[in-house]
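Here is the naming used below: chain letters follow the sequence lines, and residue numbers restart at 1 for every chain.
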There are 2 protein chains.
Amino acid sequence: MRFSQGVEWMLHSVALLAQAPAGMAVSRRVLAEHYGLPEPYLAKPLKALVRAGILTASSGPSGGFRLAGRPEDITVLDIVEAVEGTSPPFICQEIRQQGTAGLSPAVCQKPCAVATMMDHAHQAWRASLRGITVVDLVKSTPKAIRDRNRADFAARLSG
Amino acid sequence: MRFSQGVEWMLHSVALLAQAPAGMAVSRRVLAEHYGLPEPYLAKPLKALVRAGILTASSGPSGGFRLAGRPEDITVLDIVEAVEGTSPPFICQEIRQQGTAGLSPAVCQKPCAVATMMDHAHQAWRASLRGITVVDLVKSTPKAIRDRNRADFAARLSG
DNA sequence: GTATCCCTACTCGGATAATTCTTGTCCGAGTAGAGGAGG
DNA sequence: CCTCCTCTACTCGGACAAGAATTATCCGAGTAGGGATAC
């Protein structure tokens with residue numbers, strides 16, 4: 001059980017987009033070069049973020065991606081679920097209703113204890129990620145790096 | 001991102017094994033018929049539980065699987081991690097060290113904020129599952145079902 | 001009647017194919033900006 | 001000098017292969033129990 005790499009890529013990319021000057025769009029190519037990632041495949045998770053309403057995309061020269069809303073309103077959970085999907089990792093197959101000891105559907109109207117507890121754990125995981133916003137992510141990065149990113153963006157705007 | 005089906009199978013199977021009379025071994029075939037599962041493939045996750053020390057296996061007639069320890073000492077987390085592995089779903093690839101904006105290893109001695117928070121969420125998930133034992137699982141099943149399981153095991157012992 | 005031996009049949013364990021999902025890649029549609037021509 | 005038009009080049013989006021992990025399956029090694037036999 002492992003998350004796709006797109007999760008890490010998008011968490012870092014969104015944090016980087018939050019550091020861009022207001023109104024500036026960052027292209028897929030710039031993101032790929034910034035982190036040394038395979039550029040074509042970045043399209044897949046980026047598109048997922050656009051569909052989820054986290055990013056907006058614009059075409060043409062000086063086009064690219066930018067945040068759709070305020071960084072303090074975007075949680076890490078939003079990003080992770082936009083890439084990985086909202087489906088929980090554990091999906092009850094109701095095996096208690098099958099086999100020689102199969103239970104009648106009448107008895108199984110309430111979810112079984114296994115499914116309930118796995119769901120509780122999943123909600124605990126979600127709550128942990130929902131408590132962190134993109135602003136928190138940016139604040140956690142060392143100031144020297146943020147300064148360098150700012151200078152990098154400024155150079156791109158002028159050049 | 002989805003758990004393998006073996007997780008659900010083993011959670012139910014261990015709960016069922018906990019209801020068996022002391023010393024009685026339940027074979028793979030009985031488990032498969034009980035839940036209507038593909039019998040040959042049950043071997044894989046069952047073997048994982050044996051390797052993890054949760055179950056013990058015995059060969060020959062009247063052989064099968066039984067709990068290795070007391071049900072109150074076996075947590076749900078033990079079972080899930082025995083089947084799925086202990087590797088966390090998010091593994092930091094340190095992309096901040098790559099690309100044109102790659103950071104020097106000296107700056108990256110402390111894990112990045114993304115990895116730290118994903119790990120916190122994973123630990124919250126583990127803590128939730130660690131708080132539930134097999135005894136809790138059995139107690140959560142309706143009494144009528146437990147009685148039927150007990151009668152079923154008794155019939156198997158005599159017949 | 002009892003103890004011993006053998007044999008059958010049932011068990012788990014590892015090695016082996018088919019399928020689904022993630023990963024990686026390519027090319028086409030669309031658009032904004034730059035440059036040149038005309039007024 | 002200003003405005004309009006065209007053209008270029010850069011962008012995203014969807015469709016297309018390759019590899020890996022999960023799912024599913026088979027057959028062989030080992031063992032415990034039952035039955036027959038000898039004492």
* To do: Please answer: with hydrophobic residues joined when any side-chain heavy atoms are less than 4.5 Å apart, are A:L31 and A:M24 in the same cluster?
  =>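 Yes, it is one cluster - the side chains of A:L31 and A:M24 are joined through contacts under 4.5 Å.
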
* Asked: When hydrophobic residues are tied together by side-chain contacts of less than 4.5 Å, even through go-betweens, does A:V26 share a cluster with A:V135?
  ->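 In one cluster: no.
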
* **Residues within residues 9-17 of chain B bordering DNA chain C, heavy-atom distance below 4.0 Å** => none

* In Å and rounded to the nearest 0.5 Å, what is the CG to CG distance from B:L16 to B:L137? -> 12.0 Å

* What is the distance from atom CG of B:L55 to atom NZ of B:K47, rounded to the nearest 0.5 Å? -> 13.0 Å

* Asked: Considering heavy-atom distances to DNA chain C, does B:G60 or A:Y41 have its closest nucleotide positioned more toward the 5' end?
  -> B:G60

* Within the structure shown, what part of the strands sits under 4.0 Å from B:G6 by heavy-atom distance: base, sugar-phosphate, or nothing? ->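 Nothing: the residue B:G6, judged by heavy atoms under 4.0 Å, touches no strand.
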
Judged by atom type as modelled, is there a donor-acceptor pair below 3.5 Å linking the side chain of [X] to the main-chain atoms of [Y]?
X	Y	result
B:R66	B:G23	yes
B:T100	A:E33	yes
A:Q97	A:S104	no

Rounded off to whole Å, could you give me the [atom1]-to-[atom2] distance for the [X] and [N] pair?
X	N	atom1	atom2	value
B:M24	D:dG33	CE	P	13 Å
A:R29	D:dA9	CZ	C1'	11 Å
B:R66	D:dA32	CZ	P	11 Å
B:K44	D:dT22	NZ	P	7 Å

* Asked: Quick one: which of B:I74, B:I54, B:L17, B:V76 gives a side chain to side chain contact (heavy atoms under 4.5 Å, CB included) with B:V134?
  -> B:I74

Residues [X] and [Y]: side-chain donor-acceptor under 3.5 angstrom:
X	Y	result
A:T141	B:R96	no
A:D78	A:T75	yes
A:T116	A:D119	no

* Asked: Salt bridge or not for A:R70 and A:D73, using N-O below 4.0 Å?
  ->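 Counted as a salt bridge, because a side-chain N and a carboxylate O are separated by less than 4.0 Å.
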
* Is any NZ, NE, NH1 or NH2 atom of the basic residue among A:R148 and A:D152 found under 4.0 Å from an Asp or Glu carboxylate oxygen of the other? ->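 Answer for the salt bridge query: no.
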
* Asked: Counting only heavy atoms not in B:R150, do more than 12 sit closer than 6.0 Å to its CZ atom?
  -> no

* To do: Using heavy atoms and a sub-4.0 Å distance, could you list which residues of residues 76-99 of chain B are near DNA chain D? By number, please.
  => none

* Asked: Do any pairs count as a side chain to side chain donor-acceptor pair (under 3.5 Å) and have a residue in residues 6-28 of chain B, sequence neighbours left out, and if so which ones?
  ->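 Only B:Q19-B:N149 qualify under side chain to side chain donor-acceptor pair (under 3.5 Å).
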
* Asked: Axis-to-axis angle across the helix from C:dG1-D:dC39 to C:dG39-D:dC1, five pairs an end, to 10 degrees?
  -> 10°

* Summarise protein proximity over nucleotides 14-21 of chain D in one line of letters, 5' to 3': B for base, S for sugar-phosphate only, - for none, counting protein heavy atoms closer than 4.0 Å. => S-------

* To do: Please tell me if the side chains of A:P21 and A:L157 come closer than 4.5 Å, counting only heavy atoms from C-beta onward.
  => yes

* Quick one: how far along DNA chain C does chain B reach, first to last nucleotide 5' to 3', anything under 4.0 Å to a heavy atom? -> C:dC10 to C:dT22

* If you check every side-chain atom of A:P61, which of D:dT31, D:dA9, D:dT23 has the closest atom? ->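 Among the listed nucleotides, the one closest to the side chain of A:P61 is D:dA9.
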
